[in-house]
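The structure appears right after this line, and notes come after that.
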Amino acid sequence: MSEYHFAEEEQRWQAFWVEKGIHHTPDDPERPTYYVLDMFPYPSGAGLHVGHPLGYIASDIMARYHRMRGYAVLHPMGFDAFGLPAEQYAIQTGQHPAQTTKENIKRYTEQLKKMGFSYDWSRTVTTSDPAYYRWTQWIFLELFNSWFDRDAQDGVGGARPINELIRHFEVHGTAQLRAACADDAPAFGATDWNGFNESERSEMLMHYRLAYLAEARVNWCPALGTVLANDEVKDGVSERGGHTVEARMMRQWMLRITAYSARLLDGLNDLDWSDAIKEQQRHWIGRSTGARVRFSLEKTGNSHEQEHAQGQGTDGTDGADGADRAYAVGDGADAVGDEHPIEVFTTRPDTLFGVSFLVLAPEHPRVMDLTLPAHQARVEHYVLQAQLRSERERMAEVKTVSGVPTGRYVINPLNGARVPIWVADYVLAGYGTGAVMGVPGSDERDWRFAQHFKLPIIAVVEGTDPEKGAESTRTARMINSDFLNGYTADDAIPLAIERLEQLGQGEGTTQYRLRDAIFSRQRYWGEPVPIAFGAHGPVAVDPSDLPLLLPAVDKYLPTEEGEPPLARAQDWTYRGMPLETTTMPGWAGSSWYFLRYMDPHNIEEFASRAKTDRWKQVDLYMGGAEHATGHLLYARFWTQFLFDRGCIGFREPFRRLVNQGMIQGVSAYMQRVRLPECSTHPKPSTRVLTETNKNGEPSTRVLTGTNKNGEPLRWECPSAYTNAWISAGLLIDGAEAAGKVSVDVGLVDQNRLNCAEWKQQETGPDAKDWLLMGENGFITAAGHAPHECSADELVFFTTPEVEKMSKSKRNVVNPDWVVDQYGADTLRMYEMFLGPLEDSKPWDTQGIEGVYRFLQKLWRMCHPGGQFSLEQGEPTDQEWKSLHKLLLKIGADIERFSFNTCVSAFMIAVNELQSMGCRKQAIIDPLVRALAPFAPHLCESLWQSMGMPDSVHLSAFPVGDPERVREDDYNYPIQENGKMRFNLNLPRAASADELQALVMANPRVHQLCGDRKPKRVVVVPGRIVNLVF
RNA sequence: GCCCAGGUGGUGAAACCGGUAGACACGCAGGACUUAAAAUCCUGUGACCGAUGAGGUCGUGCGGGUUCAAGUCCCGCCCUGGGUACCA
């Protein structure tokens, strides 16, 4: 029988769609818009594997579905083309990354086109294209030329041009200014400002710009001459090469994303994203509300402490012998010096009466100033140690308590108690004020610290047992807390803050975990930062001179002096001034690309306001959940910023986000064993026997073992081998396991290794000597050993393991291969059929047959005897019912992204129609239209055969009619005590009482009851009848 | 540790509002067609008891609970995957 030739048909219809331009984004302003976007892929050298298209297929179905429903659909694709892999390759080969990138993009594009996606390729963008990065640079300059006014937009805060800030400085200085700025930005008056020279002004403005230069702590790798990301550092050394990595302060471009903390957090509420992702972002931004509290320093002369009184610290071998004296309530007022107080941040100002120590981060700027001479050496040592320890090391010993006392004391602002100051690395410099108040009665870490150093533990809430641990509940009543006694935390916190504010010793505040983002990269393959350095500081490149093109360099490596690669460029200057040599990070280009697709060829603007107003946000954004806190947060930040500056009319980039799961690979592993020693004398323990050749050397030996069912096996193999690969489940007597090795999954079918093909691959010029042992014999590389069986005969099983699909695990399945074997429609439907879109699941090539057979079945249904032919008659009620049941299901399931159940529904419908022998066009036509988003090629083929106009993809998506599926009867399950016994066909229209009467009159029910009488009969019309005995 | 998602046949899974657990598909077994194979079609397929029947018992990670009824809701626990990491 003839069949559907997908290869020819798919090519034909892909060409047909291009010719008809059906994927072109319509400009038609009448129609509602729908913007479906896939996350920007990075075009890697390895090409796509079957895991990548999962999201693309789902989004393509949505794009096609919405087109058929009359929407103007924007469905673009492009490439996030700057990045490290291309640069690494360039360093190795000397080939310009632009060249590799171009080739990789070509490959990706071909792969994507082959799968029949309906992208509008005329809108494609590439971040490394100067026509694109010109606008990335332009947005950077806008950030550079903006500051964040906390009073803008009804007090929510927003970005404003830097010139407005300059005007404010000219008139008021920093007075009446509520701006996002560096912590150490000094206050000054208007006269000061007007007296500043140009360099000083430039420096002042740097504290306020949204893109600014600052010293930032980075992972510097001297051997590589570059800065590494946290995940490129493993165990204190670089992941590549294992070179040492040190923490180093470097001048970097930063983006003041922290200005937007509140907006980024609050904006999440209106987004239709998964709770998991929203939670991740919330946690990342990390808002905590509490108070800043200032602790005044006790005068040094007043210290009751002498030289060594305050404990020995770090190792904790001895406690604080002065600890009991360290905490003493007293009148601290006259003891207070005029030094700046120490400020801490706390979320629990209500527990202030429980403070028994204060801890500074080792990096806290005042540590050395405060430390008394007697403690100087040990504090210095501790601070140095903390600096040397990498973040990873600190992480590894979370439970270890360490710290040193400074010898100084502060005064508790609420009760005047003397409190010792310690330095400990459990306090982070980057969060809050870099100092905390230790409340061991109510905080677990403080409790461990106090316990370790024998500092007093004061209970401030009811139910605290200072011996056992901290009590952090917010619901218990306060004790030992003066005016707060009897209140719970929620009431006590505002009271405590009120008191602090009255005393001028603190105020309520909100703190965020989010840090400003380092923007500079010491790399070549990225957008150049359009800033030059003049005599008085950084100077922005004039926007009309953009793009600032990436210059040619002789090598893609840092200079000998450790300067970034751009420092190698000849004449890297702008109007005589040296240009910035760092480049932008990968997320620069991807933070705004969704806007460019709306107006990709605009040379006047990044996108016209008219176009962005028309398309607005992305209606559906499809991509992996791994971008939860990186890309998705940065893109939101840039969108908020562009909104503030009036460039676009909306605040959030992605209205709805759907995260597709990962498709994992099934790796095939072979076990390797070390064979027992050969011996001419059989050892009973290992049961190894050998034969000797004529020289008396062992030539063959007998190995014994069992298969996975425990049945004994025996091999006579050459003695020369000491190692063997063994089939799964085999046990060789006396052999030791010696690891495993993965085999290309292409050589494995249902865990059985294609030994002949494998042998061919493994016996190249550098073939190793190997021995492969299966249940029924063995083979060797040379293939001439006595007793060896043929590679075709050998039964050898590999052990499957589900893990991430990757080249190194040799478990990659290539979509091109699947398309060649089964066609794009089958690949598309199978990936959807695999399970819920958002779940991770392993790829199993076996299962694809089911979908393939389904498509062939539908085609054959329309081609009896190989010729296209459908019947014209009016369908029966049953036939209509099958169709409309399908249409109702598809309509509902597409809306909830349940594509796997859509595929089942199509299978069920076709099975039903087939068993009814239905080949009526009145049924097939809507079925084909409903299937078109899923299997676009086959449906186009059938559509054209039906003699329909245009394209199936320009037809209307069919809608199910509930009237057509209405049934008079419902097959009620009859239960006994909740257990299903049998079904009864009863009228759907019957009321509960009528149903009960019908059920109780039924002979089968009588039989079920016997002589028992139901205590109760539960009747739920349209659902169930339950007899309760 | 904390946050999030998940745990259902040999396998991928379905069951959307608490109402017939296992749809659909793979695989497997048997059959039809065929000289044969492929393709296709048909039948069976959670486990156990029973005779292969009628029928019954158990069964959605584990232990409790609510309910006429729990894969679904509540409490406690175990495991897997993702995120995060001394955040005051």
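Scope of the values below: all heavy atoms of this structure, side chains included, with no hydrogens, waters or symmetry mates. Chain identifiers are assigned alphabetically (A, B, ...) following the order of the sequence lines, protein sequences preceding nucleic acid strands; residue numbering begins at 1 within each chain.
- The ring pair (Phe, Tyr, Trp, His ring centres under 6.0 Å) search around A:F449 returns A:F357, A:W422, A:Y426, A:F453, not counting sequence neighbours.
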With the criterion being N/O to N/O and under 3.5 Å, what pairs connect the protein with nucleotides 65-71 of chain B, and how long is each?
residue: B:C68; atom: OP1; partner: A:R1016; partner atom: NH1; Å: 3.4
residue: B:C68; atom: O2'; partner: A:N1026; partner atom: ND2; Å: 3.2
residue: B:C68; atom: O2; partner: A:N1026; partner atom: ND2; Å: 2.7

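- For A:F295, the ring pair (Phe, Tyr, Trp, His ring centres under 6.0 Å) test picks out no residue, with sequence neighbours left out.
- In terms of the side-chain hydrogen bond (donor to acceptor under 3.5 Å, both in side chains) criterion, A:K804 has no residue partners (sequence neighbours excluded).
- Scored by the ring pair (Phe, Tyr, Trp, His ring centres under 6.0 Å) test, A:Y822 finds A:Y852 as partners (sequence neighbours excluded).
- Note that A:R1012 lies in the cation-pi zone of A:F1029, set by a 6.0 Å cut-off to the ring centre and a 45° limit from the axis.
- A:S806 meets the side-chain hydrogen bond (donor to acceptor under 3.5 Å, both in side chains) test with A:S808; sequence neighbours excluded.
- Every residue two or more places apart in sequence or in another chain that forms a ring pair (Phe, Tyr, Trp, His ring centres under 6.0 Å) with A:Y972 is listed here: A:Y970.
- Stretches of at least 3 consecutive Watson-Crick or G-U wobble pairs, with each checked distance under 3.5 Å, appear in RNA chain B as B:1-7 with B:78-84, B:10-12 with B:24-26, B:27-32 with B:40-45, B:46-49 with B:55-58, B:61-65 with B:73-77.
- Contacts of A:K889 with the nucleic acid, taken as non-hydrogen atoms under 4.0 Å apart, include base atoms.
- Annotation: side-chain contact (heavy atoms from CB on, under 4.5 Å) contacts of A:Q1007 (sequence neighbours excluded): none.
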Quick one: which protein N/O atoms are closer than 3.5 Å to N/O atoms of nucleotides 22-26 of chain B? Pair and distance per line, please.
residue: B:A23; atom: N1; partner: A:S904; partner atom: OG; Å: 3.4
residue: B:A25; atom: OP1; partner: A:N911; partner atom: ND2; Å: 2.9
residue: B:C26; atom: OP1; partner: A:R853; partner atom: NH1; Å: 2.5

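- Applying the side-chain contact (heavy atoms from CB on, under 4.5 Å) test to A:A992 and every residue at least two apart in sequence or in another chain returns A:V1019, A:P1021.
- For the side-chain hydrogen bond (donor to acceptor under 3.5 Å, both in side chains) test, no residue two or more places apart in sequence or in another chain qualifies with A:R853.
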